[in-house]
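To start, the structure under review is shown below, and the notes come after it.
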There are 2 protein chains.
Amino acid sequence: MKTRIFVTLKNGVLDPQGKAIHHALHALGFAGVNDVRAGKLIELDLADGTSREEIEAMCNRLLANTVIENFRIEDM
Amino acid sequence: MKTRIFVTLKNGVLDPQGKAIHHALHALGFAGVNDVRAGKLIELDLADGTSREEIEAMCNRLLANTVIENFRIEDM
């Protein structure tokens, strides 16, 4: 059972990695970029029957820092 | 116009970050995890009318290292 976790910074949290990518895209001549936000993608291969609650516990305890990050769980 | 880029390591490329997450999940008592792969998620806010070709050029030139990484473009 494969699951994807998307971890993104909450709105209002500064994103220096995204800013650096934004600047680099401009420097390469890509003009039409208004904003860039960088996040993480974690692909989990889980034992069948792993509950949604358990996946959320993994996110809350390890995969995301819920003070500054949101996470979204997507089954594949 | 918002677009998401998913950057993942190609199959066969070692993923120490994923391995570290896997070990940490085990140490926290989450037993049913078979494998973990870590990737990147880049959210772009682009000017309307930016072509698919231009987005692919951004990925090939900056966002992904196509020797070891795949990328996938998803419009939102």
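To find a chain, count down the sequence lines: A is the first, B the second, and so on, and within it residues start at 1.
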Legend entry - Verify same cluster id: Val36(B), Val13(B) (apolar side-chain graph, 4.5 Å): no
Legend entry - Lys19(A) atom NZ, over 12 foreign heavy atoms within 6.0 Å: no
Legend entry - Ile5(B) side, atom CD1; Leu41(A) side, atom CG - distance, nearest 0.5 Å: 12.5 Å
Inset, instruction - State plainly whether one hydrophobic cluster holds both Phe30(A) and Phe71(B), where clusters connect Ile, Leu, Val, Met, Phe, Trp and Tyr through side-chain heavy atoms under 4.5 angstrom apart. - result: yes
Inset, instruction - Could you tell me the separation between the CE atom of Met1(B) and the CG atom of Asn34(A), rounded to the nearest 0.5 Å? - result: 10.5 Å
Inset, instruction - Find the one option among Gly32(B), Ala57(B), Gly18(B) whose heavy-atom pairs under 4.5 Å with chain A are most numerous. - result: Gly32(B)
Inset, instruction - Treating Ile, Leu, Val, Met, Phe, Trp and Tyr as nodes and any side-chain heavy-atom pair under 4.5 angstrom as an edge, say whether Val67(A) and Leu9(A) lie in one connected cluster. - result: yes
Legend entry - Gap separating the NE2 atom of His22(A) from the CD1 atom of Ile42(B), nearest 0.5 angstrom: 13.0 Å
Inset, instruction - Return the minimal non-hydrogen interatomic distance between Glu43(B) and Thr8(A), and the atom names on each side. - result: OE2-CG2, 4.0 Å
Legend entry - Among Leu46(B), Val7(B), Leu44(B), residue most engaged with chain A (heavy-atom pairs, under 4.5 Å): Leu46(B)
Legend entry - Taking every non-hydrogen atom, the tightest pair across Ile21(B) and Leu62(A): O-CD2, 3.9 Å
Legend entry - Gap separating the CG atom of Asp45(B) from the CZ atom of Arg37(A), nearest 0.5 angstrom: 11.0 Å
Legend entry - Exceeds 12 heavy-atom contacts within 6.0 angstrom, atom CG of Asp75(B): yes
Legend entry - Portion of Leu63(A) that has a non-hydrogen atom of chain B nearer than 4.5 angstrom: side chain
Legend entry - Where Val33(A) and Met58(B) come nearest, the two heavy atoms and their spacing: CG2-CE, 3.8 Å
